[in-house]
Amino acid sequence: MENENLEIIKNNKRCKDFYLEITHEDKETHARVGLLHTPHGVFETPMFMPVGTLATVKTLSPEELYDMGAQVILANTYHLHLRPGEDIVAKAGGVHKFMNYKNAMLTDSGGFQVFSLAKKRDIKEEGVTFKSHLNGDKIFFSPEIVIGIEEKIGADIIMSFDECIPYPSSYEYVKNSTLRTIRWAKRGLDAKTRTDQALFGIVQGGEFEDLREMCAKELVKMDFDGYSIGGTSIGEPKDVCYKMIDYAIKYLPYDKPRYLMGVGSLDYILGAIEKGVDMMDCVLPTRIARHGTLMTHNGRINIKNTKYKEDFTPLDPECNCYTCRNYTRAYLRHLYVADETFGKRLLSLHNTAFLLEITKGAREAIKENRFKEYKEEVLRKYGDARGF
RNA sequence: GGAGGGGUAGCGAAGAGGCUAAACGCGGUUGACUGUAAAUCAAUUCCUUCGGGUUCGGCAGUUCGAAUCUGCCCCCCUCCA
């Protein structure tokens with residue numbers, strides 16, 4: 001094993017402090033556990049990464065994230081570029097120092113905003129022109145500009161600029177977009193100057209097997225530090241999402257990290273881990289928490305429901321997070337109904353801790369070759385056909 | 001005692017003869033949220049066995065038709081004595 005690791009380090013030409021150490025693979029599935037070494041520490045995989053778009057995981061402090069076992073978080077290039085601007089972040093000494101977060105960080109490139117801000121942008125070969133959602137300013141993002149911004153922000157892992165393709169889209173559209181994303185990936189790679197950041201390529205290709213394959217193969221040829229699967233969990237049926245993962249993952253190198261973007265429901269997380277995914281991120285736990293929905297070992301609950309008014313039990317009796325150790329559903333409901341900030345904090349904390357706990361359990365199960373059992377038991381108890 | 005203003009659904013508040021079971025806001029209830037334009041958004045909120053039934057302080061009228069017009073009564077507020 002050690003010799004293999006050395007080989008991986010030697011072969012990595014891009015980021016000198018970055019490599020995946022796979023420590024065990026589940027006997028029955030493709031699930032695997034490992035240690036991802038980054039310039040800001042090592043984190044265990046598979047790992048769920050909370051999203052901190054604006055250099056903050058909404059309502060949570062870095063200490064709280066650390067305590068719940070979040071070993072890596074995201075930030076967003078588009079949003080930080082608009083506010084406060086990457087130069088400010090660079091002046092602060094990089095995003096870690098800026099936000100006082102000591103563990104690994106990853107920046108998304110703005111590729112998702114090409115999708116989510118579709119009404120405010122125009123895609124051309126050279127890049128994407130956004131109309132700022134804040135003040136209407138014209139913002140131009142090319143693959144080279146994006147890498148430049150990400151280098152100033154200074155996360156450990158940076159993402160190539162891509163287009164997150166809407167679903168459904170025609171074969172023709174997906175093909176053209178995917179080919180462009182591949183060209184953009186190359187341009188970003190060529191523009192990269194720092195050697196203390198890992199750069200990931202993003203596999204697009206929509207629901208089409210040949211396009212996913214083509215994209216994965218082309219990106220692998222470029223030898224990125226890791227690969228992600230994009231364009232998923234944007235409203236497509238569940239089986240389509242799993243297919244998109246299958247179509248891409250088999251062409252990704254075994255020894256490089258695989259990152260499924262934007263996935264945060266329990267069944268997707270466990271389903272992805274089963275297929276050999278190492279990292280995933282999602283706003284779901286924090287967003288739905290702020291809106292009163294909580295994930296528990298026994299299913300989703302909506303804390304604003306009247307039935308919790310006099311429920312003096314913990315949110316999730318099987319959860320050991322700060323919220324569940326110290327507060328009752330009745331109190332959490334009260335805080336939510338009264339629109340108290342502390343409520344949103346406690347709920348965000350729980351949901352995030354819950355997903356981290358589930359992935360931690362997954363890692364332990366993989367080490368003991370009982371991942372499938374673990375997954376089925378967790379989902380059975382969760383018992384929600386929608387997978388939330 | 002005199003002058004004026006007002007009583008509309010849980011609350012606030014529009015409406016001044018038919019298009020009104022009654023705008024809008026709050027409150028209530030339920031739901032959605034997946035690389036965060038999201039502390040946001042949507043539905044619902046008189047009763048109902050879904051046929052219909054009962055509403056705009058009360059009662060009595062005018063009218064084909066009244067929350068809206070008339071009379072009387074009951075409450076509330078402001079100002080003057």
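Just so we're on the same page: letters track the sequence lines, and every chain starts at 1. Everything quoted here is computed from the prediction, not taken from an experiment.
Annotated as syn: G51(B), whose glycosidic dihedral is within 90° of 0.
A sub-4.0 Å separation between OP1 or OP2 of U36(B) and a side-chain N or O of Gln113(A) is present. Look at Asn76(A) and you'll find a side-chain N or O under 4.0 angstrom from OP1 or OP2 of U36(B). Under 4.0 angstrom from either OP1 or OP2 of U34(B) there lies at least one side-chain N or O belonging to Arg287(A). Between Asn305(A) and U29(B) there is no side-chain polar atom (N or O) within less than 4.0 angstrom of OP1 or OP2. For Ser265(A) and U34(B), the shortest distance from a side-chain N or O to OP1 or OP2 is not below 4.0 Å. In terms of phosphate contacts, Ser233(A) brings no side-chain nitrogen or oxygen within less than 4.0 Å of OP1 or OP2 of U34(B).
Here the P atom of nucleotide G35(B) and the CZ atom of Phe161(A) are 17 Å apart, to the nearest Å. In this structure, OH of Tyr242(A) is placed 16 Å from P of U34(B), rounded to the nearest angstrom. Rounded to an integer number of Å, the gap from OH of Tyr336(A) to C1' of G31(B) is 11 Å. Straight-line distance from the CG atom of Leu82(A) to the P atom of A37(B): 11 Å, rounded to whole Å. The nearest whole Å value for the distance from the NE2 atom in His81(A) to the C1' atom in U36(B) is 18 Å. Atom CG of Leu60(A) is separated from atom P of U36(B) by 16 Å (rounded to the nearest Å). What separates CG of Leu284(A) from C1' of C41(B) is a distance of 15 Å, to the nearest Å. Note: CG (Leu134(A)) to C1' (A37(B)) measures 8 Å, nearest angstrom.
The aromatic rings of Tyr331(A) and Tyr327(A) lie parallel to each other, with less than 30° between the two planes, well short of the 60° mark.
With salt bridges taken as basic N to acidic carboxylate O contacts below 4.0 Å, none links Glu207(A) and Lys243(A). Ionic pairing of Glu368(A) and Arg370(A) is present here: one or more N-O contacts between side-chain nitrogen and carboxylate oxygen are shorter than 4.0 angstrom.
Side chain of Arg333(A), nearest nucleotide from C33(B), A39(B), U29(B): U29(B). The side chain of Lys304(A) lies closest to U30(B), out of A39(B), G35(B), U30(B). Of the candidate nucleotides A37(B), A39(B), G31(B), A39(B) has the atom lying nearest to any side-chain atom of Lys344(A). Listed nucleotides A38(B), U36(B), G31(B) differ in distance to Thr286(A); the shortest reach to its side chain belongs to U36(B). Candidate nucleotides G35(B), A37(B), G31(B) were compared by shortest atom distance to the side chain of Ile202(A), and G35(B) ranks first. Closest contact between the side chain of Thr53(A) and the listed nucleotides U29(B), U36(B), G28(B) involves U36(B).
Across the strands present, G1(B) finds its partner in C80(B); the criterion is a Watson-Crick or G-U wobble pair with both atom distances under 3.5 angstrom. The nucleotide A66(B) finds no pairing partner, because no Watson-Crick or G-U wobble arrangement with both distances shorter than 3.5 Å includes it. A 3.5 Å limit on both hydrogen-bonding distances identifies G10(B) as the Watson-Crick or G-U partner of C26(B). Across every strand in view, C59(B) sits in a pair with G71(B) that passes the Watson-Crick or G-U test at under 3.5 angstrom. Across all strands shown, C41(B) pairs with G31(B); the Watson-Crick or G-U wobble distances both stay below 3.5 Å.
Atom P of C56(B) sits at a distance of 16 Å from the matching atom of C19(B), rounded to the whole Å. Comparing A22(B) with U55(B), their P atoms sit 16 Å apart, to the nearest whole Å. A gap of 10 Å separates the C1' atoms of C69(B) and A16(B), to the nearest Å. For G5(B) and G10(B), the P atoms lie 29 Å apart once the distance is rounded to whole Å. With both ends at atom C1', the span from U8(B) to U68(B) equals 11 Å, rounded to whole Å. Nucleotides A39(B) and U34(B) are separated by 13 Å at their P atoms, to the nearest Å. Spacing of C1' atoms, G7(B) relative to G57(B), comes out at 6 Å, to the nearest Å. Look at the C1' atom in both A21(B) and C50(B): the space between them is 15 Å, to the nearest Å.
Looking only at distances, no side-chain donor or acceptor of Asp162(A) sits under 3.5 Å from a matching main-chain atom of Thr181(A).
In this structure, Val57(A) reaches neither bases nor backbone, as no heavy-atom distance under 4.0 Å exists between it and the strands shown. Using a 4.0 Å heavy-atom cutoff across all strands shown, Gln204(A) reaches at least one base atom of the nucleic acid. Using a 4.0 Å heavy-atom distance criterion, Gly343(A) is classed as making no nucleic acid contact. Nucleic acid contact class of Ser228(A) (heavy atoms, under 4.0 Å, all strands): none. Base contact: Leu117(A) has a heavy atom under 4.0 Å from a base atom.
No hydrogens or angles considered: a donor-acceptor pair under 3.5 Å links the side chains of Thr107(A) and Glu150(A).
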Query raised in the report: What's the verdict on side chain to side chain donor-acceptor pair (under 3.5 Å) for Glu318(A) and Asn298(A), showing C-alpha distance, side-chain angles and the deciding distance?
Result: CA-CA 9 Å; Glu318(A) 294 175 47; Asn298(A) 294 295; 3.2 Å; yes
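In this structure, Thr59(A) and Cys164(A) both approach RNA chain B, and ranking their closest nucleotides by distance from the 5' end singles out Cys164(A). Nearest-nucleotide mapping onto RNA chain B: of Ile234(A) and Lys120(A), the residue sitting toward the 5' end is Ile234(A).
Remark: ring of His79(A) does not overlap the six-membered base ring of U36(B) in a stacked fashion, as centroids less than 5.5 Å apart with planes less than 30° apart are not both met.
Between Phe141(A) and the choices Ile149(A), Val114(A), Thr129(A), the side chain to side chain contact (heavy atoms under 4.5 Å, CB included) rule is met once, by Ile149(A). Results of the side chain to side chain donor-acceptor pair (under 3.5 Å) test with His40(A) over Asp156(A), Asp17(A), Asn103(A) single out Asp156(A) as the only residue that passes.
Annotation: side chain of Thr286(A) is not in contact with side chain of Val51(A) (no heavy-atom distance under 4.5 Å).
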